[in-house]
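Source: prediction; values computed, not measured.
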Amino acid sequence: MKKENEEAASFHPLIRGIILIGFMLLLFKLLLTQDITLLIAPKMVHFIYLTLFIFLILGVLLIIRGTSNQKDHYQCECDAEHSYPNSILKSLLFYLLFILPIITGFLFANNVLNSSVAMNRTIKLGADSLVTNKTNNVKNISNSQKINSFTTNSTTTPNNQPEPLSESEYTLLKEKLLKAKMININDDQYVPMMNIIQDNLKGMIGKTVTAKGFVYREKNFIQNQIIVARFGITCCVADASVFGFMAKGDVAALPKDKWVQVTGTIGQTQYDGSAIPIINIIQISKITAPKQPYVFDVGVKIE
């Protein structure tokens with residue numbers, strides 16, 4: 001029995017150390033391939049570097065403990081009884097809970113959130129929310145590093161996340177949108193533009209707008225209706241909400257999740273008792289998904 005306890009005291013720290021090193025290597029792979037930004041917002045990446053370092057140190061210490069000849073037993077002095085799994089089957093099942101995510105992380109590509117996830121998330125058409133499931137998200141207004149031109153293309157890259165707009169920048173963006181005849185919804189300013197258009201809908205009717213996103217349909221949509229949708233995240237994909245414009249036109253043949261760029265005039269329609277903007281499609285084209293498919297809902301700085 002004593003010999004079995006000594007073997008367990010060596011075997012289990014060794015396996016746990018290897019598992020921690022495995023998670024460290026998986027995080028390193030995600031950082032190296034930049035796939036980490038498909039899981040978390042870029043502003044959170046520096047925490048991943050810290051986690052990677054901690055996993056490395058703890059993993060090495062556990063491996064050293066498991067491979068050393070030292071037979072001392074470590075006590076945590078918490079007055080609780082701790083024990084290792086007392087059978088091979090229990091040990092296997094326990095460690096598989098940690099090993100399988102590591103294996104799948106290395107073997108399979110990371111998937112971008114799509115319509116199957118959108119069905120269970122809050123859908124925000126303009127600033128209002130069409131709640132298709134349980135969550136009620138607080139309306140945040142997104143961002144841009146600096147308001148130069150709201151008709152330029154997005155400068156967001158997979159590793160960069162724009163800073164929140166200040167109140168004065170948000171006001172300036174609102175004034176520009178109200179004066180503009182043509183609006184290009186770019187990624188940096190996606191959420192504030194959505195909110196400004198919704199909050200000032202009467203003043204936006206008739207303006208030409210261009211937006212891109214993936215095709216999403218609610219179950220009660222008719223054939224000529226879609227949502228040109230984007231997932232917006234604050235910290236990670238777990239808190240993702242779906243933002244988008246309802247669009248109307250010749251879209252019946254478009255498959256769900258296909259990325260499109262839509263140009264049309266802004267109109268107004270009623271959905272679930274709320275007035276929302278709708279794009280009356282003039283032109284629609286299929287596009288490839290951007291490297292950074294998500295937009296960031298990071299709020300407005302209080303001055």
Would one find more than 12 heavy atoms of other residues, nucleotides or ligands at under 6.0 Å from atom CD1 of Ile88? no
When rounded to the nearest 0.5 Å, the distance separating CZ of Arg16 from CZ of Phe11 is 10.0 Å
Is the backbone N or O of Ala275 less than 3.5 Å from a side-chain atom of Gln198, with the two atoms forming a donor-acceptor pair by type? yes
Go through it in stages, so that I can follow the logic: the residues are Ile63 and Leu14, the test is side-chain contact (heavy atoms from CB on, under 4.5 Å), and I'd like the CA-CA distance, side-chain angles, deciding distance and then a yes or no. CA-CA 5 Å; Ile63 290 173; Leu14 177 62; 4.0 Å; yes
Sub-4.5 Å side-chain heavy-atom contact between Thr288 and Trp259: no
Is there a side-chain contact between Leu201 and Ile266, using heavy atoms and a 4.5 Å cut-off? yes
Check this for me: Phe28, atom CZ, are more than 12 non-hydrogen atoms of other residues, nucleotides or ligands nearer than 6.0 Å? no
Can you name the closest pair of heavy atoms from Lys291 and Leu38 and give their distance? O-CD2, 4.4 Å
Looking only at side chains, do Thr210 and Asn184 share a donor and an acceptor under 3.5 Å apart? no
May I ask you to decide if Leu178's main-chain N or O and Lys207's side chain share a donor-acceptor pair within less than 3.5 Å? yes
Say whether, by atom type as modelled, one donor and one acceptor occur between the side chain of Asn114 and the main chain of Asp257 under 3.5 angstrom. no
Work out which heavy atom in Arg217 is nearest to a heavy atom in Lys256; give both atom names and the distance. NH1-N, 4.0 Å
Would you indicate whether the side-chain heavy atoms of Phe214 and Val112 approach each other to under 4.5 Å? no
Hydrophobic cluster identity match, Phe53 and Ile18, side-chain contacts under 4.5 Å: no
Close side-chain approach of Lys43 and Thr234, heavy atoms under 4.5 Å: yes
Between Leu173 and Ile196, is a side-chain contact (heavy atoms from CB on, under 4.5 Å) present by the stated rule, with each step listed? CA-CA 9 Å; Leu173 177 60; Ile196 290 170; 3.9 Å; yes
Starting from the C-alpha separation in whole Å, work towards a yes-or-no answer on ring-ring contact (aromatic ring centres under 6.0 Å, His included) for Phe221 and Tyr271. CA-CA 10 Å; Phe221 276 15; Tyr271 196 86; 5.7 Å; yes
Please step through side-chain contact (heavy atoms from CB on, under 4.5 Å) for the pair Val117 and Phe231, ending with a clear verdict. CA-CA 10 Å; Val117 179; Phe231 274 97; 4.1 Å; yes
Below 4.5 Å, heavy atoms only, C-beta onward: do Phe47 and Ile40 meet side chain to side chain? no
Under 4.5 Å between side-chain heavy atoms, hopping through other hydrophobics if needed: is there a path connecting Leu25 to Leu39? yes
If every non-hydrogen atom of Gly244 is compared with every non-hydrogen atom of Ile227, which pair is closest and at what distance? CA-CG2, 4.0 Å
Does Tyr294 use its side chain to pair, donor to acceptor, with the backbone of Leu113 at less than 3.5 Å? yes
May I ask you to test the Phe55-Ile21 pair for a side-chain heavy-atom distance under 4.5 Å? no
List the atom of Ile279, the atom of Thr263, and the distance in Å for their closest heavy-atom pair. CG2-C, 4.5 Å
Test item: Val228 and Ile226 side chains (from C-beta on) under 4.5 Å apart, heavy atoms: yes
Using a 6.0 Å cut-off, check whether atom CG of Asn220 has over 12 heavy atoms from anything other than its own residue. yes
Measure the CD1-CD1 distance between Ile99 and Ile19 for me, rounded to the nearest 0.5 Å. 4.5 Å
Is a donor on one side and an acceptor on the other found under 3.5 Å between the side chain of Lys29 and the backbone of Gly105? yes
Starting at CG of Leu26, measure out to CD1 of Ile103 and round the result to the nearest 0.5 Å. 11.0 Å
Is it true that Leu96 and Phe108 fall in one hydrophobic cluster, defined by side-chain heavy atoms closer than 4.5 Å? no
Check Phe245 against Ala211 and note the closest heavy-atom contact, atom names and distance. CD1-CB, 4.3 Å
In sequence, state the C-alpha distance, the side-chain angles, and the governing distance for Lys212 and Arg230, and then conclude on side-chain contact (heavy atoms from CB on, under 4.5 Å). CA-CA 8 Å; Lys212 61 183 178 181; Arg230 299 293 294 270; 3.9 Å; yes
Are there more than 12 heavy atoms of other residues, nucleotides or ligands under 6.0 Å from atom CD of Gln223? no
Between CD1 on residue Ile205 and CG on residue Asn200, distance to nearest 0.5 Å: 11.5 Å
Does atom CZ (Phe106) have a neighbourhood of more than 12 heavy atoms from anything else shown, all under 6.0 Å? yes
Tell me if a side-chain donor or acceptor on Glu169 pairs with a main-chain N or O of Ser166 at a distance below 3.5 Å. yes
Hydrophobic cluster identity match, Leu92 and Leu97, side-chain contacts under 4.5 Å: no
Who are the side-chain hydrogen bond (donor to acceptor under 3.5 Å, both in side chains) partners of Thr171, not counting sequence neighbours? none
How long is the gap from CG on Leu177 to CG on Asp199, to the nearest 0.5 Å? 11.5 Å
Residue pair Phe98 / Phe94: nearest heavy atoms and the distance that separates them: CD1-O, 3.4 Å
Taking the side chain as C-beta and beyond, is there a heavy-atom pair between Ile48 and Leu30 under 4.5 Å? no
Which distance, rounded to the nearest 0.5 Å, do you find between the CE of Met24 and the CD1 of Ile102? 10.5 Å
Out of curiosity, does Leu56 fall in the hydrophobic cluster containing Ile64 (side-chain heavy atoms, cut-off under 4.5 Å, transitive links)? yes
